[in-house]
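Structure first, then comments.
Read the numbers this way: they start at 1 and go in the same order the structure lists the ligands and their atoms. Computed from heavy atoms alone, side chains included, the values below leave out hydrogens, waters and symmetry copies.
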Amino acid sequence: MRVKICGITKLDQGIAIARLGAQALGFICVPASPRYVSPETIRLIVEQLPKNVDRIGVFANTTIENICQVAAESNLSGVQLHGNETAEYCDRLREFLPGIEIIKALRVKTPETLATAAVYAVRVDTLLLDAYHPEQLGGTGKTIDWMMLSEFRPQCPWLLAGGLTPDNILNAIDSAIGYNFSGVDLSSGVEIAPGDKDLTKVAQLFAKLSQLANHR
Ligand SMILES: O=C(O)c1ccccc1N[C@@H]1O[C@H](COP(=O)(O)O)[C@@H](O)[C@H]1O
């Protein structure tokens, strides 16, 4: 199972979280977020990570030019689109960044949001389901109603996000497991404060995940 820990801002925490077992680290490139990190800082962290750890930049409602510039400056292996990006936008981004993983986040308000996955699933590499919040784009600590996931069968791999913690992770995975489910993404559920990760909670998370037969 793929485990992505998002909202990394500090070098020592990034290295420690990769050592604990995260396959992907996320860096918030949305300037309004309290977890924002500059391309220079991302690059400093990324240079110290093992090569097999995915380096994902999180963007929302920005220009393709900005994403391309930050991806190059930060040496990202993937980009996560967390705003209202259209399917056509994803197509254009793919043309500009052919070798980069594109993750489209859907902020799930109602079951109808899940129906929009079909249009993205044939264009991006990975989908990510996060909870909807009226004022915030992400990192809200709110969970999706996992009951909605029983019918979710997208045509590409997908990650579950939104308010996941070491305490609820096994129940969340139990609800999500099914067609093309590929892993989980956590941010505020393993933090002391926005952008400051709690390594004890991250270790607790991996201890919980080790109870799953297919974790590695
Ligand atoms: O974390 C942020 O500040 C953020 C800002 C803008 C877009 C996305 C953001 N975070 C993403 O939100 C999800 C879920 O976070 P949480 O576990 O509920 O705290 C995660 O994918 C973050 O990458």
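- Take Glu191 and apply the side-chain hydrogen bond (donor to acceptor under 3.5 Å, both in side chains) test, not counting sequence neighbours, and it matches Arg35, Lys197.
- One finds a salt bridge joining Asp125 and Arg94 here, because a Lys/Arg side-chain nitrogen approaches an Asp/Glu carboxylate oxygen to under 4.0 Å.
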Please tabulate, one line per pair, the protein N or O atoms found under 3.5 Å from any N or O atom of ligand 1, giving the distance to one decimal.
residue	atom	partner	partner atom	Å
ligand 1	1 (O)	Arg35	NH1	3.1
ligand 1	3 (O)	Ser33	OG	2.6
ligand 1	3 (O)	Arg35	NH1	2.9
ligand 1	10 (N)	Gly139	N	3.2
ligand 1	12 (O)	Asp130	OD2	3.4
ligand 1	12 (O)	Gly139	N	2.8
ligand 1	15 (O)	Gly139	N	3.4
ligand 1	17 (O)	Ser187	N	3.1
ligand 1	18 (O)	Gly141	N	3.0
ligand 1	18 (O)	Gly163	N	2.8
ligand 1	19 (O)	Ser188	N	2.9
ligand 1	19 (O)	Ser188	OG	2.5
ligand 1	21 (O)	Gln80	NE2	3.4
ligand 1	21 (O)	Asp185	OD2	2.6

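- By the 4.0 Å N-to-carboxylate-O rule, Arg2 lies close enough to Glu101 to be salt-bridged with it.
- Checking Lys142 against Gln136 by side-chain atom types alone, no donor-acceptor pair falls below 3.5 Å.
- Under the side-chain contact (heavy atoms from CB on, under 4.5 Å) criterion, Asp145 pairs with Met147, Met148, sequence neighbours left out.
- Remark: Arg92 pairs with no residue by the salt bridge (Lys or Arg N to Asp or Glu O under 4.0 Å) rule, at least two apart or across chains.
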